[in-house]
Amino acid sequence: IGILGNMQQKTFAVVYDVANQKIGFGAKGCS
Amino acid sequence: ESSGPDWHVVSVTSLLPDAVCKPKRAVSNSSALSVVHRHAPCSPLQARGGEPSHAEILDRDQDRVDSIHRLTAGPSTADDPASASKGVSLPARRGVPLGTANYIVSVGLGTPKRDFLVVFDTGSDLSWVQCKPCDDCYQQHDPLFDPSQSTTYSAVPCGAPECRRLDSGSCSSGKCRYEVVYGDMSQTDGNLARDTLTLGPSSSSDQLQGFVFGCGDDDTGLFGKADGLFGLGRDKVSLASQAAAKYGTGFSYCLPSSSSAEGYLSLGSAAPPNAQFTAMVTRSDTPSFYYLNLVGIKVAGRTVRVSPAVFRTPGTVIDSGTVITRLPSRAYSALRSSFAGLMRRYKRAPALSILDTCYDFTGRAKVRIPSVALLFDGGATLNLGFGGVLYVAKKSQACLAFASNGDDTS
C-alpha cells in the first residue's frame, strides 16, 4: 500500500468526515 | 514567494526552520486543541540537543511503514520471523502497533483535571497516559497521572465490553490489563480505565465523561518525553469514536509547518469551505486505517505517466504519524524521473536515509522547485506547498520528500 505521510499533509486542513465516509483537504488550513 | 502554480521559488535562507518559536494560533472551530510538532521550537517537549537527527527520524519512519505493511499484508506474513520479532502477530485489537506520532496536543484528564502532553495518531486506536503507581515508566514531561487523586477515575472490569474488545486476554485482580506493542518495539502495558477527559481550555462543556483509556504502568520505547499517546483510528475505543456522540462523527486537524506556527486538532467534522473531498475507503482486514484512493501525480502542472491502477491496486492509507509519503515503486520512479528532469540545473547531493533524490543549494540565493500535486479519486487535488515537496536537512542536502515502497510486486 501507499501511505500519505504528514510532510504532505502539513498546513492543509485535513477533514475526516466519518459520517459521509469521505476525507477532505483544505489549503492554508492553519492560517 | 511563488512563480505561478507550477513552480515554487524560495529564498535559500528560508529553507531551514526558525530556531525560535513564533506562535501563530491556527483558526479552527470549537473544541480544538493546539497542535505542535514534537521536535519543533514551539514544542513544550523540546529537549535542547536531545532531538533525533534527520537520519534517525527517517529510519524510525521506515520502522513505522514496515509495520503498516506487515499489518495490511494480512495473515500470510505471520510466519515471517521478522514479523514475529516486531510483535505484529498480536491480535489486531490488542492495539494497533504503529509507533509514535510526531505531533502533540494538550489534554486534561481526571477531576480535578490535570493537563498532559500527548502525541496524537490516526494510525492507532487506544489512548493512554502513564499512571501511578508505575513499575517501569520512562521520564515524561509532566508528573504521572495519579488515579487516586481523581474523583472520577474507575478501572474497567474484565467483563466490560471495552475490555473484551481489546482481546488482551489478561485480567488481574478484576482489572482489565491492556497491552500495545508498537512497530518499533515500543510498548505500553497497564490497566484499562475510565475518567473524565477535558478537551480545550477547561470548560465543562468540553468534557467527555467516562472516557476509556489506558493507564500505563510498564512503558518503554521511543515516546520521548510525551505523557502518553491518543489514538484517532477507526475502532470504537479511539478518541474520535468516543467523542462522536458529543461532537459528531469525524474530526479535522492542521499540522503546522515545523516551527513558525501552531496547528489544531478539532473534533467534529466541520470542514473549511475550500476543502476538496475524496472517498474514505474501508478494508475489513485493517479496519482501523483510513484508506483513500490516490490516482495520480502532477509535477510542474503535468501529469506523471503512471497508470491509475498502479496506485489503486495496492491502495493508500493516510496517516498522521508517518513522515514521508510512500508510493508504489513504479509511481515513485515516474515521479522521481519527472522531478529530477526539471531539477537538472542543481548539483546533486548524497542520499539521506530513505530519500534518494537530494540537491545541494549551497551558494544560491534562490531556488526554483517544480510543484507537486497529488490527485485523488473524485477529483480532489492536493497541491503541495514547498514544504511538502522537499525535506531540507541542510542547505547542502535538500531531498525530494517521497520514497518508494520498494518492490510493488512483493
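Just so we're on the same page: letters track the sequence lines, and every chain starts at 1.
- With hydrogens and angles disregarded, no donor-acceptor distance shorter than 3.5 Å links the side chain of B/Asp319 to the backbone of A/Asn6.
- Proximity of a side-chain donor or acceptor of B/Thr249 to a complementary backbone N or O of A/Ala19 within less than 3.5 Å is detected.
- By the 4.5 Å heavy-atom criterion applied to side chains, B/Thr122 and A/Tyr16 are counted as neighbours.
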message = Could you go through B/Leu294 and A/Leu4, starting from their C-alpha distance and side-chain angles, then the distance that decides it, and tell me whether this counts as side chain to side chain contact (heavy atoms under 4.5 Å, CB included)?
response = CA-CA 9 Å; B/Leu294 178 66; A/Leu4 181 57; over 6 Å; no

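- Taking CD of A/Gln9 as the start and CG of B/Leu374 as the end, the distance is 10.5 Å to the nearest 0.5 Å.
- Checking side-chain atoms of B/Ser252 against main-chain N and O of A/Val14 turns up no donor-acceptor pair under 3.5 Å.
- The most heavy-atom pairs under 4.5 Å with chain A, out of B/Thr325, B/Thr313, B/Leu382, B/Thr316, come from B/Thr325.
- Neither the backbone nor the side chain of B/Val281 comes within contact range of chain A; no heavy atoms are under 4.5 Å apart.
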Going by atom type alone, with no hydrogens or angles, which donor-acceptor pairs under 3.5 Å involve a side-chain atom of residues 270-280 of chain B and a protein atom two or more places apart or on another chain?
| residue | atom | partner | partner atom | Å |
| --- | --- | --- | --- | --- |
| B/Asn274 | ND2 | A/Ala27 | O | 3.0 |
| B/Gln276 | OE1 | B/Thr381 | N | 2.9 |
| B/Thr278 | OG1 | B/Asp377 | O | 2.6 |

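- Between chain A and the options B/Phe311, B/Tyr332, B/Phe376, B/Tyr291, the largest number of non-hydrogen pairs under 4.5 Å is found for B/Phe376.
- Across B/Val389, B/Val323, B/Leu384, the residue that shares the most heavy-atom pairs under 4.5 angstrom with chain A is B/Val323.
- Residues passing the side chain to side chain donor-acceptor pair (under 3.5 Å) test with B/Tyr391, sequence neighbours excluded: B/His54.
- Using a 4.5 Å cut-off between heavy atoms, B/Arg283 touches chain A through its side chain atoms alone.
- B/Thr282 and A/Gln21 get closest at one heavy-atom pair: OG1-OE1, 3.5 Å.
- Partner A/Ile3 forms a side-chain contact (heavy atoms from CB on, under 4.5 Å) with one of B/Ile318, B/Thr322, B/Asp61, B/Leu327 and no other, that one being B/Thr322.
- Taking CG from B/Asn383 and CZ from A/Phe25, the interatomic distance works out to 12.0 Å, rounded to the nearest 0.5 Å.
- Note: A/Gly2 leads A/Gly24, A/Gly2, A/Ala13, A/Gly26 in heavy-atom pairs under 4.5 Å with chain B.
- Looking only at distances, a side-chain donor or acceptor of A/Gln8 sits under 3.5 Å from a matching main-chain atom of B/Ala401.
- Annotation for B/Cys254 and A/Gly29: closest pair SG-C, 3.5 Å, computed over non-hydrogen atoms.
- Here OG1 of A/Thr11 is found 13.0 Å from CZ of B/Phe386. Values are rounded to the nearest 0.5 Å.
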